[in-house]
Number of protein chains: 2
Amino acid sequence: MGKVAERRARTIDAIVAAAVDVMGETGAAGLSLGEVARRVGMRTPSLYGYFASRSALCDEIFRRGWMSYRDDIVAGAGLSPDTDVVAFLSDLLTAAVDWANSHRAHAELMFWRPIPHWQPSPEAFEPAIEVLADAIASFARAKDLGLLRHDVDVDEVAQAWAVLVAGVISQQLSNEPGVAAADGRASRHAAALAAMFVAHYGRHSREDTP
Amino acid sequence: MGKVAERRARTIDAIVAAAVDVMGETGAAGLSLGEVARRVGMRTPSLYGYFASRSALCDEIFRRGWMSYRDDIVAGAGLSPDTDVVAFLSDLLTAAVDWANSHRAHAELMFWRPIPHWQPSPEAFEPAIEVLADAIASFARAKDLGLLRHDVDVDEVAQAWAVLVAGVISQQLSNEPGVAAADGRASRHAAALAAMFVAHYGRHSREDTP
DNA sequence: GTCTATATCCTGATAGAC
DNA sequence: GTCTATCAGGATATAGAC
């Protein structure tokens, strides 16, 4: 990458960072290009040299959000035949809530639809699809390892899991922000949901009569 | 109620209805008082005779949303000792998604936080608290009827249920709207989630060893 | 009780000079 | 590559006439 391209990439990063800050403070719909420009030391029109429109900026934040979520949450998930599935999923859920708390702007765009007349473009959607595919693959591996019922439909399992994630993150974002998920109440909450999930889809379920 | 008060109440209803329409078309954050005034045949300043501010209008929609949700979803729920709990909860979940679909504006305000610098006032919150209390009471009754595990904490059960509701509604609202929940896919979805819920909290759970 | 008029400020976006 | 200048319009809210 040449020097100009590098400098350009840094500027783009700065713009995105400022936009994320504004969204974090006011809610995603409170994004204003004027405020973003002010924070990066530009005038509003200069932003258009880096982003075609306000929507394109939202697209980029959405895209980076899913990439960050994948790297921070999904990637570290290692399964082995003697994984404690309840503890594993409980930790995953807690991590997701913590992530949403510290990436409020991204999370709003990813799990809600807060901006009038904006929806993610197909290109911006790609990392999101990747995350879903990863989740399905993980559940399939868990099934192969004997951690899940032998007769489950992994697509159904992944969808149920997605509902749980969307539910806890939505509740977190719509309640006072910044309240850590790692305190006692939230941890027990996550553990209960994980236990519920495993009661139905886990190997020891009563439907599992070999 | 006197004639003037009646007329006033009708006008308020018309304003709220117009605001709900606008929000439904553009997303809750797209609410504009000018557009509302146009639709009810007023000028913008006249609205201030009925609502102190844009936020007050949001408050009222939020409040009416929870009241409508209570009347449409929670109220009809009759439990008897031989209720099929999975079917019961599956229907409840499907009804909640249908309700959110046909009350998009209310649902966005209730389950998300889409409007910059607005959060529901304590007074607007009252019906929401009522719904939660009703849910807890219902789960307590279900427990007494022997439909749930004898050792469950009803508060935990209600919270887990709230996560499921928030999850399915969030997913519905952030996907293309208007897609009915009653089609085959969504129904199976709801049934799977209800089965999961009952696997853990229902009477026949494996933890339930009298 | 509703209006006109206005205050004040912001928005996203474009054209073209430097 | 960033700026000034500007467009064309929007927003919420208030004051005061009718």
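When each of A:E35 and A:A52 is assigned the nucleotide of DNA chain C with its nearest heavy atom, A:E35 is the one assigned upstream, toward the 5' end. Looking at which nucleotide of DNA chain C each of B:P45 and B:R7 is closest to, the 5′-most match is held by B:R7.
Put simply, CG on B:L33 is 8 Å from C1' on D:dA11, counting in whole angstrom units. Put simply, CD on A:E6 is 14 Å from P on D:dG1, counting in whole angstrom units. Rounding to whole angstrom units, CG of residue A:L57 and C1' of C:dG12 are separated by 12 Å. Distance B:L31 CG to D:dG10 C1': 14 Å, rounded to the nearest Å. Distance A:R43 CZ to D:dT6 C1': 15 Å, rounded to the nearest Å. For the pair B:R54 CZ and D:dT14 P, the interatomic distance rounds to 15 Å; values are reported in whole Å. Atom OH in B:Y48 sits about 16 Å away from atom P in C:dT4, given to the nearest Å. Distance CG (B:L47) to P (C:dT2): 10 Å, rounded to an integer number of Å.
Within the nucleic acid shown, A:F51 has no heavy atom closer than 4.0 Å to any nucleic acid atom. Across all strands, B:S32 comes closer than 4.0 Å only to sugar-phosphate atoms, never to a base (heavy-atom distances). Heavy atoms of A:G49 sit nowhere under 4.0 angstrom from any nucleic acid atom.
A salt bridge is absent between B:K3 and B:E6; no separation between the charged side-chain nitrogens and carboxylate oxygens falls under 4.0 Å.
For A:E156, the CD atom counts as densely surrounded, since its 6.0 Å shell holds more than 12 non-hydrogen atoms of other residues, nucleotides or ligands.
At least one side-chain heavy atom of B:T83 sits less than 4.5 Å from a side-chain heavy atom of B:S80.
In summary, the aromatic rings of B:W112 and B:F62 are positioned with their centroids too far apart to meet the 6.0 Å limit.
In this structure, B:F139 and B:W161 have perpendicular ring planes: the angle between them is above 60°, well past the 30° mark.
Using a 4.0 Å cut-off, no side-chain N or O of A:Y50 falls inside it from OP1 or OP2 of D:dG1.
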